[in-house]
2 protein chains.
Amino acid sequence: MKKKITLKQIARELDVSISTVSKALRNSIEISEDTRQKVQAFAKLYNYRPNNIALSLKNRKTKTIGIIIPEIVHHFFSKVISGIEAVANKRGYNVIVGLSNESFSKEVINMEMLANGSIDGFILSIAKETLQQQDYHHFTETINQGMPIVMFDRVVNEIKCDKVIVDDAEGAKKAVSKLIENGCKHIAIITTKDYVSVGKYRTQGYLEALENYKINPKASLILKVDDELLSEDHLDSLEKEIEILFQKNKKLDGIFAVNELYAITAMKVARKLGLNMPEDVQIIGFTDGVLSKHAVPTLTTVSQHGQKIGEKAAELLINNLEREDEEDTYETVVIETELIERASTK
Amino acid sequence: MKKKITLKQIARELDVSISTVSKALRNSIEISEDTRQKVQAFAKLYNYRPNNIALSLKNRKTKTIGIIIPEIVHHFFSKVISGIEAVANKRGYNVIVGLSNESFSKEVINMEMLANGSIDGFILSIAKETLQQQDYHHFTETINQGMPIVMFDRVVNEIKCDKVIVDDAEGAKKAVSKLIENGCKHIAIITTKDYVSVGKYRTQGYLEALENYKINPKASLILKVDDELLSEDHLDSLEKEIEILFQKNKKLDGIFAVNELYAITAMKVARKLGLNMPEDVQIIGFTDGVLSKHAVPTLTTVSQHGQKIGEKAAELLINNLEREDEEDTYETVVIETELIERASTK
DNA sequence: ATAAGTAGCGAAAACGTTTTCGTGTTGAAA
DNA sequence: TTTCAACACGAAAACGTTTTCGCTACTTAT
C-alpha cells in the first residue's frame with residue numbers, strides 16, 4: 001500500500017526544496033529545464049496529485065457546492081441535482097448533498113455543518129417545516145457571513161439571494177386554460193395548503209384561468225390537501241378526499257392537480273368510479289416525472305424542466321463565486337414551464 | 001457582512017495566545033476558569049465555529065464519504081443515497097456525490113477528483129461502460145492508496161473490498177417460482193445483456209426456478225434487451241421487441257422483467273394486445289419503485305430495499321474508517337429481497 | 001577587474017487548527 | 001531563604017500547499 005505522496009517527500013527524495021518541487025510541477029521559469037524534468041518525471045512515476053484540502057485551506061475556497069433539499073427520492077429533486085452536477089463538474093466543482101427531510105432543524109444543522117469551510121456556496125430548496133415556521137435566520141446568517149445562496153423552486157422573497165423558479169401561476173394557468181379550451185365546464189383543482197408557496201401560486205393560476213374565461217370559481221371544486229398526505233402512507237385518505245370531491249361535484253369533467261401523485265391518484269379514483277379518461281374527465285398534473293410518462297392513460301402535465309433549473313442555479317452560484325467585483329445584485333430567473341400533452345386530455 | 005471568525009482573531013481581541021483560545025474552547029484544565037469563561041463568551045458572541053478544512057488538514061481525515069453512482073434520476077439509486085446519508089449524518093459524516101452517467105471516463109475522473117484528499121472513502125456502484133471494458137485499475141489504485149471502497153449492487157469479484165448486494169438470483173427465483181405456482185406455464189424473461197451482472201444473475205435465477213419445477217427453458221422466451229434501450233428514447237424499440245416476444249409465444253402467460261421499466265412496458269404491450277392482467281398474463285418486475293406502486297394494475301415486484309443497502313454500505317465504510325487495527329478483512333453483505341405481491345399476479 | 005544583471009534555488013509565511021513542550025510566576029514546604 | 005510543585009499560559013510544530021522574497025554564483029558589460 002503506497003500512500004499518497006506529498007511535495008515534501010518528493011523534495012526529500014530528490015534533495016531539493018519543497019518550493020522547487022512546487023514550482024517545477026507548475027512549470028515555473030524560475031526552475032531549470034533539468035530539475036523540472038527530473039521533478040516531473042518523479043512526480044509522474046509516483047502519481048503525485050496535490051492535496052485538495054491543503055489547496056482549499058490555502059486558497060480559502062473549496063470548489064465545492066452544497067446542496068440542501070427536502071428529499072432526494074423524488075424525480076424533480078434528483079433531476080435538479082443532476083443538472084447542478086453537470087455544470088458544476090464542467091466548471092471544476094464538486095457537489096455535496098444534504099437532506100433536510102422537510103425538517104427545519106435538520107435543515108439548520110446540515111447548513112451549519114457545511115458552512116464551516118466545507119463549501120463555497122449553497123443551492124437549496126426550503127423544507128416545508130421551515131416554510132411553515134417562517135424562520136429564515138439560518139439563511140440570512142450564512143449570507144451575512146459572505147456565503148452566497150441560490151434558492152430554487154421553494155423560495156421566499158424575504159431573503160436577498162439569487163433564485164431560480166418556475167412561473168407556477170403561469171404554468172397552472174396554461175394547464176387550466178387548456179382544460180377549458182378542451183371543453184371542460186367544471187374543473188377542480190387538487191392542491192396543497194397555502195403555506196407551500198408552489199401550491200399557493202398554482203392555485204392562483206387556476207383562479208386566473210377561470211377568471212379569464214369568465215367562469216366563477218366554486219369552493220367545492222377546490223381541494224386543499226393536508227400535505228402530510230404526500231407521505232405515501234396517507235395515500236388512502238387522499239383517495240377518499242378525492243372520491244368525495246367527485247361525489248360532491250357530479251358534473252366534474254376536468255381536474256388540475258398540483259403534483260404528479262395527486263394527479264395519478266385522481267386518475268385512480270376516476271377509474272374506480274367508472275369514468276373514462278379523457279372522455280368523461282380530463283386530467284392534468286404538474287411536474288413531468290416518470291409517473292406521468294407511464295401512467296394509463298399517459299398524463300398530460302406541466303413540465304418544470306428540473307434539469308434546466310439545476311443547471312441555471314449552478315451557473316448563477318458559480319458566476320457569483322467567481323465574480324471579481326463584490327456587488328450584491330441578485331437575480332431571479334424564471335424557467336419556462338411547458339405543457340406536455342398526453343392522453344389524459346383530449 | 002461579518003466574516004467567519006478565527007482563533008487568531010479571538011486571540012488578538014482578548015490579548016491571549018491562539019493556543020490559549022483553542023484550549024479554553026475545548027475546556028482544557030490548563031486554562032483558568034476566568035479566561036475560559038471570557039473566551040467562551042466571546043466565541044459564543046461571535047458565533048465561532050472551527051474551520052472544517054483546517055481540521056481536515058490537521059487530522060488527515062475529512063469526515064466525508066464520496067458516492068459515485070451511474071445516475072441519480074433513478075428510484076433505486078436515490079433510495080440508496082438516502083440510506084447512506086441517513087447513517088452518515090448520524091455518525092457525523094457528510095456525503096459528496098459524483099455521477100458517472102454510466103461512462104468509464106467520468107467514473108475515473110470523478111474518483112480522481114475526490115480521492116485527492118476530499119473524502120475518506122468511497123461508496124459506489126459501477127458504470128455499465130466500466131463493466132463492459134472490465135477495466136478496474138482505478139478501483140485497485142484507490143484501494144492501494146489506503147482509501148477504502150464499498151461497492152453495492154453492481155460489483156465485481158476481482159476487487160477486494162466490502163460489498164453490499166442483493167441476492168439477484170434468489171430474488172429472481174422467488175419471483176419466477178411465484179409465477180409457476182400461480183399456474184403460469186410459459187414464462188418469459190425480459191433481461192439485459194449478460195455483462196450487466198445483475199441482469200446475468202437474475203437470468204440465472206429464472207433458469208434455476210424453471211429447473212426446480214422441471215420446466216425446460218426455451219430460447220424464444222428469453223429476451224435480452226440491448227441496454228441502450230433503457231435510455232428513455234429507445235422505449236419504442238423496446239416495445240416492439242416485447243411485442244415480437246408475444247407474437248412468437250402465443251401461449252405466453254407469465255413475464256418476469258429484470259427492472260421496473262421493462263415490466264411496465266410489458267404491461268403496456270399486453271394491454272395493447274388486448275390481454276388482461278393478471279387473468280391472461282401475470283407480470284412481475286424487479287426493483288420496487290414508484291412506477292410499480294402506481295401502475296395499473298399495480299405491479300408485483302421484487303423489492304431490493306435500496307434504503308437498507310445504502311445504510312449497510314455506509315455502516316461498513318464508516319466502521320472500516322474508524323477501525324483501529326488495520327486488518328484487511330472484507331465482507332460481502334447480502335440484503336434479502338422481498339416479493340411484494342400486488343395486482344399484476346393472481 | 002569590477003559592477004551589474006540574471007539564472008536557479010531555498011527560506012519562510014500564510015491558510016486555521018490542535019497539541020506538545022517550555023517557561024515564568026506563585027505558593028507552600030523544607 | 002531556598003527548593004519544588006502546581007498553575008496558567010505561550011511558542012512552535014505539524015498537516016500540504018503556493019508564493020514572495022532573498023540569496024548565491026555565474027555571466028556579461030564596462
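Here is the naming used below: chain letters follow the sequence lines, and residue numbers restart at 1 for every chain.
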Tell me what A:Ser56 touches on the nucleic acid: a base, only sugar-phosphate, or nothing, going by heavy atoms under 4.0 Å. nothing

B:Arg154 side-chain N/O to B:Ser125 backbone N/O, donor-acceptor pair under 3.5 Å: no

How would you list, by chain and number, every residue that makes a ring pair (Phe, Tyr, Trp, His ring centres under 6.0 Å) with B:His305, sequence neighbours excluded? none

Keeping A:Asp162 on the side-chain end and A:Ala313 on the backbone end, is there a donor-acceptor pair under 3.5 Å? no

I'd like to know if the side chain of A:Ser22 and the backbone of A:Ile18 have a donor-acceptor N/O pair within less than 3.5 Å. no

Between A:Asp135 (side chain) and A:His137 (backbone), is there a donor-acceptor pair under 3.5 Å? yes

Less than 3.5 Å apart, any donor N or O on the side chain of A:Glu33 or A:Gln37 sitting next to an acceptor on the other? yes

Mind listing the residues from residues 108-117 of chain A sitting with a heavy atom below 4.0 Å of DNA chain D? Number order is fine. none

Residue closer to the 5' end of DNA chain D, B:Arg60 versus B:Thr35 (nearest nucleotide): B:Thr35

Of the residues in residues 46-55 of chain B, which ones touch DNA chain C at a heavy-atom distance under 4.0 Å? B:Tyr48, B:Arg49, B:Pro50, B:Asn51, B:Ala54, B:Leu55

Is a side-chain N or O of B:Asn101 found less than 3.5 angstrom from the main chain of B:Ser103, in a donor-acceptor match? no

If the condition is ring pair (Phe, Tyr, Trp, His ring centres under 6.0 Å), which residues does A:Phe42 pass it with, not counting sequence neighbours? A:Tyr46

B:Asn59 or B:Glu30: which one's nearest nucleotide on DNA chain C is closer to the 5' end? B:Asn59

Identify, with sequence neighbours excluded, every residue that meets ring pair (Phe, Tyr, Trp, His ring centres under 6.0 Å) alongside B:Phe104. B:His138

Degree of bending, the helix from C:dA1-D:dT30 to C:dA30-D:dT1 (end axes from five pairs; round to 10°): 80°

Using a 4.0 Å cut-off to any heavy atom of chain B, which nucleotides of DNA chain D are the first and last in contact, reading 5' to 3'? D:dA8 to D:dG16

Any salt bridge between A:Lys308 and A:Glu311, counting N to O under 4.0 Å? no

Show me the donor-acceptor pairs within less than 3.5 Å that the side chains of residues 24-32 of chain B make with the rest of the protein, sequence neighbours left out.
residue	atom	partner	partner atom	Å
B:Asn27	OD1	B:Gln40	NE2	2.8
B:Ser28	OG	B:Glu30	N	3.1
B:Glu30	OE1	B:Lys23	NZ	3.3
B:Ser32	OG	B:Thr35	N	3.3
B:Ser32	OG	B:Thr35	OG1	2.4

Can you list, by residue number, the residues of residues 9-28 of chain B that have a non-hydrogen atom closer than 4.0 angstrom to DNA chain C? B:Ile18, B:Ser19, B:Ser22, B:Lys23, B:Arg26

Nearest-Å distance for atom pair CD/C1', residues A:Glu33 and C:dC9: 16 Å

Pairs flagged by side chain to side chain donor-acceptor pair (under 3.5 Å) wherever residues 83-97 of chain B is involved - sequence neighbours left out: B:Glu85-B:Asn89, B:Arg91-B:Asn319, B:Arg91-B:Glu322, B:Tyr93-B:Glu322

Under a 3.5 Å distance rule, please check whether B:Glu107 uses its side chain to pair with a backbone N or O of B:Ser100 as donor and acceptor. no

Partners meeting ring pair (Phe, Tyr, Trp, His ring centres under 6.0 Å) with B:His75 (sequence neighbours left out): none

What residue pairs, at least two apart or across chains, pass side chain to side chain donor-acceptor pair (under 3.5 Å) with a residue in residues 58-72 of chain A? A:Thr62-A:Asp120

